[in-house]
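Predicted model, so just to flag it, every value in this text is computed and none were measured. Only this structure's heavy atoms are used, side chains among them; waters, hydrogens and symmetry mates stay out.
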Amino acid sequence: MLRKHGALGQPVSRIEGPMKVRGETKFAAEFPYDNMAYAALSFSTIARGRISRLDVAAAEAAPGVVLVMTYKNAPRMKAPSLMMSSATAAGSSDLPVMQDDEIHWNGQPIALVLAQTQEQADYAASLVKAEYTLLPAVTSFEEARKHPRKLDNILGQPPMLEIGDAQTALAQADVKVDVVYRTPRHNHNAIELHAATVLWDGDRLRVHDATQLLDLTAGQLADIFDIDTSDVHITSPYVGGGFGGKCLWDHQILACAASRLAGRPVRIMLSREGVFRIIGGRTITEQRVALGARADGTLDALIHTGTAAMTLHNACPEQFTFPARHLYASRTFHIAQDVADLDMLVNTFMRAPGESVGTFALECALDELAVKLELDPIELRRRIEPNEDPTTGKPFSSRYLIEAYEKGAEKFGWNLRNSAPKQRRQGEWLIGMGCATATYPYHRFPGAAARFRMTADGNVTVSTAVHDMGMGTATAQAQHIAARLGVSLDQVTFEYGDSSLPRGIIAGGSTQTASIGGAIVAATEVFVEELLKLAGNDSPLAGLSLAEVEPKDGGIGHIEDGDRFESYGSILRRAGREELVCEAEGPAPAEMGAFSMHSYGAQFCEVRVSTVTGEVRVSRFLGSFDAGQILNAKMATSQFKGGIIMGLGLALTEETNFDERTGRVVNASLADYHVPVQMDVPSIEILYTNKPDPQAPMGARGIGEIGITGVGAAVANAVYNATGIRIRDLPITLDKVLVGL
């Protein structure tokens, strides 16, 4: 129905931007209630065991303390269910929350303190003393991987895929690369700390949350506390960064339990250390990539295998082998991964889980192969570009990866790159360039619904329980609605962030935009059909079907006959209606079964490496993306840049230091865990093909996660080009560089 793009693609500023600048937007920890109690947590200091003695007397006697909750007095609660195990499951772990004396990881909450002020709660929590009976714990990845666990599936996909005999093809290949790559743990560090404000009214639970899972959180909390889902009301209109970490964790559950026990509203906001203790992040991986090529560069064998650390209590296996299944043509494939179980905090989704670290290994290996073949890395990728999905045989819905490489190479000045390492130097600085492919799959989840409410003055409100975590969802969807209905942007209100609205979809997996879009398309069709019924026989639209009309210019008109048109207001007023309300659910994502659908990109990096200190500085970066229709040029550029910046952290600075003697994270602060700051971030240019995907609603594929993919490899490949040193173990720190200089 949408034949004119209108506001789509325009660089419209965020509609909530002025409110944020004026400080008028309330985040989860900013909702005021009378008689509020403030929460603080005490954490375990062992990896595995039982609490043998828990002394809370000093904490209870501290000034302002309202309550100290432990497993001894916490309300009885069901354990969460693992996310995706049912329609209402939202648990990051299936462990019971503060229900017994058992300790499963170093950092598990052992007590929650409520006090009249946050400072009083924090102080009292420090007074909680515990003694433990130790149980055997596995905290060494090297030890755990000696006993790998095979998974039944990896996010719904088979953990092993074989096409032909890849091992034999590798052995017989003219040119081969067979290398192991390693990536470390990463922690979530959104600027907004994890927080919730909760209160009970009888059996009705009200939660102001910082969450990516509105409906799932409502359903899961209802199950945990044995109440009806309709009695749980979650709002989350503003979230200060999510990236996969703002899901359901122990702190929301404990705050709800403490509020019920104390009979008063509770606010909980984790400290930065608290985020490291109880909010999972990216897990450690060890990956083998083996490529067997003919002299012309075409692949006879593509092997990508390895192990990720996990626990028995979650289901997030860091699917690092997924890119190898869909990116390049090869005559044979062997793809497999397993997990090694540790006694640690469960890992979880973190921006482009799997793909961000999987592309590091795969794209570095391709660069190593290009060197052996004496081929330009872009030319190698051109020679192995598939005509269809290489492992499923499905047609691509839309794929312009090579075009993205060509445009990026021209803009970046790739022709100035010397293929031989250590050829460019300015004083103490060696200069090099590298490139890598970015990719992330398209997802559209079923179940999202949208409600339209149009008034006789032509204003429309569209409501759905989705999220805007700063990526511009509300603005982009308002543009989409304006374009689809043929009204001006200032006539559109997009209502979101509230579980009482029509069922939304999670903000994750780069799925929300397409999922909302599908629901809005469906609701538009219902809306137009209802208007045609209301128009009746006295309208210029009389007798026309849905297929013959289109929304435009504030009304409905015949596709070809411009005289057959009537405005929305005219139709409603003539029918004696002040408003029209209708609702629809998006159709099943049939396109995902019929086509191979992915966003793609080409990442280009220039680095300078000091021969004195080994320091690596990224001096230029360019991302050239093929992600379908760009809905808002300004916000898309921001999303792509944000992903790239997070990728620079992955490449150069970020690493969660895990003490394998105790299972404790030892750099649990932003002073010790180094995310990129402005001085670390160079000039970043963004290009995109902007070619709509004909199979996706609005023609748009996801852009929230693709920006981080390929960045680690582009940086590592640039470091090699500058220095001749291959670093296969992230992050690329100066000590690893100095060893090879």
Are the side chains of [Y] and [X] in contact, using a 4.5 Å heavy-atom criterion?
X    : Y    : answer
T183 : T283 : no
H334 : M160 : yes
D367 : L369 : no
L170 : Q172 : no
L342 : M310 : no
L670 : N189 : yes
R182 : R728 : no
N657 : Y673 : no

Within [range] or reaching into it, pairs that qualify as salt bridge (Lys or Arg N to Asp or Glu O under 4.0 Å) - sequence neighbours excluded:
range            : answer
residues 303-320 : R282-E318
residues 390-409 : R382-E406, E385-R399, E403-K407, E403-K691
residues 646-663 : D659-R661

Under 3.5 Å, is there a donor-acceptor pair between the side chain of [X] and the main chain of [Y]?
X    : Y    : result
K736 : I727 : no
S619 : E606 : yes
Q603 : C435 : no

Using every non-hydrogen atom in the two residues, find where [X] and [Y] come nearest and quote the distance to one decimal.
X    : Y    : answer
G647 : V711 : C-CG1, 3.4 Å
G663 : N106 : O-CB, 3.3 Å
R277 : L345 : O-CD2, 3.5 Å
G297 : I384 : O-CG2, 3.5 Å
V675 : D680 : O-OD2, 4.2 Å
P390 : A329 : CB-CA, 4.2 Å

Determine, stepwise, if the pair E591 / Y442 fulfils side-chain hydrogen bond (donor to acceptor under 3.5 Å, both in side chains). CA-CA 10 Å; E591 69 273 21; Y442 164 95; 2.6 Å; yes

Evaluate the side chain to side chain contact (heavy atoms under 4.5 Å, CB included) criterion for residues D341 and V138: first the C-alpha distance (whole Å), next the side-chain angles of each, then the deciding distance (0.1 Å), finally the verdict. CA-CA 8 Å; D341 291 314; V138 179; over 6 Å; no

Of all pairs that satisfy ring pair (Phe, Tyr, Trp, His ring centres under 6.0 Å), the ones with a partner from residues 341-387, not counting sequence neighbours: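 Non-adjacent pairs meeting ring pair (Phe, Tyr, Trp, His ring centres under 6.0 Å): Y181-F360.
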
Quick one: list whatever passes side-chain contact (heavy atoms from CB on, under 4.5 Å) with T321, sequence neighbours left out.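 Partners of T321 under the side-chain contact (heavy atoms from CB on, under 4.5 Å) test: H304, R325, I335, Q337.
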
Non-neighbouring partners of E162 that pass salt bridge (Lys or Arg N to Asp or Glu O under 4.0 Å), sequence neighbours left out: none

Applying salt bridge (Lys or Arg N to Asp or Glu O under 4.0 Å), name anything that partners D343, two or more places apart in sequence or on another chain.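 So D343 forms a salt bridge (Lys or Arg N to Asp or Glu O under 4.0 Å) with R48.
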
Go through the side-chain N and O atoms of [X] and [Y] and say whether any donor and acceptor fall under 3.5 Å apart.
X    : Y    : answer
T307 : E286 : no
E142 : S140 : no
H598 : S596 : yes

Using side chain to side chain donor-acceptor pair (under 3.5 Å) as the criterion, list what pairs up with E143, not counting sequence neighbours. K146

Mind checking what makes side chain to side chain donor-acceptor pair (under 3.5 Å) contact with S398, not counting sequence neighbours? none

Heavy atoms from other residues, nucleotides or ligands near CG of N415 exceed 12 (cutoff 6.0 Å):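 Yes - once you tally the heavy atoms of other residues, nucleotides and ligands closer than 6.0 Å, there are more than 12.
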
Is it the case that atom CD in E410 sees more than 12 heavy atoms from other parts of the structure closer than 6.0 Å? no

Any cation-pi pair here, R726 with Y720, using under 6.0 Å and within 45°?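 That pair qualifies as a cation-pi contact.
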
Can the positive tip of R185 be found less than 6.0 Å from the middle of the six-membered ring of F658, inside 45° of the ring normal? yes

Hey, mind stepping through S93 and N314 against side-chain hydrogen bond (donor to acceptor under 3.5 Å, both in side chains) and telling me if it holds? CA-CA 5 Å; S93 161; N314 71 310; over 6 Å; no

I'd like to know whether I163 forms a side chain to side chain contact (heavy atoms under 4.5 Å, CB included) with L161, so could you lay out the CA-CA distance, the side-chain angles of the two residues, the decisive distance to 0.1 Å, and finally the verdict. CA-CA 7 Å; I163 299 175; L161 186 154; 3.9 Å; yes

Which of parallel (below 30°), tilted (30 to 60°) and perpendicular (above 60°) describes F396 and Y600?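 Taking Y600 first and then F396, their aromatic rings stand perpendicular (interplane angle over 60°).
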
Evaluate the ring planes of Y440 and H443, with Trp represented by its six-membered ring, and classify them as parallel (under 30°), tilted (30 to 60°) or perpendicular (over 60°).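 Geometry flag for H443 against Y440: perpendicular rings.
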
Going by the rule ring pair (Phe, Tyr, Trp, His ring centres under 6.0 Å), which residues pair with [X] if we only count those two or more places apart in sequence or in a different chain?
X    : value
F640 : F625
H104 : H313
Y688 : none

Once rounded to the nearest 0.5 Å, what's the spacing between atom CH2 of W414 and atom CD1 of I378?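 Separation between the atoms: 5.5 Å.
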
Go through it in stages, so that I can follow the logic: the residues are T709 and E355, the test is side-chain hydrogen bond (donor to acceptor under 3.5 Å, both in side chains), and I'd like the CA-CA distance, side-chain angles, deciding distance and then a yes or no. CA-CA 6 Å; T709 67; E355 284 81 5; over 6 Å; no

Steps toward salt bridge (Lys or Arg N to Asp or Glu O under 4.0 Å) verdict (R288, D178): CA-CA 7 Å; R288 175 200 178 201; D178 193 346; 2.9 Å; yes

D338 and salt bridge (charged side-chain N to carboxylate O under 4.0 Å, His left out): which partner among R145, R149, K150? K150

Checking side-chain hydrogen bond (donor to acceptor under 3.5 Å, both in side chains) for the pair R617/S610: CA distance, chi angles, key distance, verdict? CA-CA 8 Å; R617 294 183 183 177; S610 170; over 6 Å; no

Do I686 and K641 pass the side chain to side chain contact (heavy atoms under 4.5 Å, CB included) test, and can you show the C-alpha distance, the side-chain angles, and the key distance before you say yes or no? CA-CA 7 Å; I686 301 296; K641 285 186 176 181; 3.7 Å; yes

Show the numbers, then the answer: is there a ring pair (Phe, Tyr, Trp, His ring centres under 6.0 Å) between F412 and F621? CA-CA 8 Å; F412 195 68; F621 205 99; 7.7 Å; no

Please assess T168 against T332 for the test side chain to side chain contact (heavy atoms under 4.5 Å, CB included), listing each intermediate value before the final yes or no. CA-CA 9 Å; T168 299; T332 66; over 6 Å; no

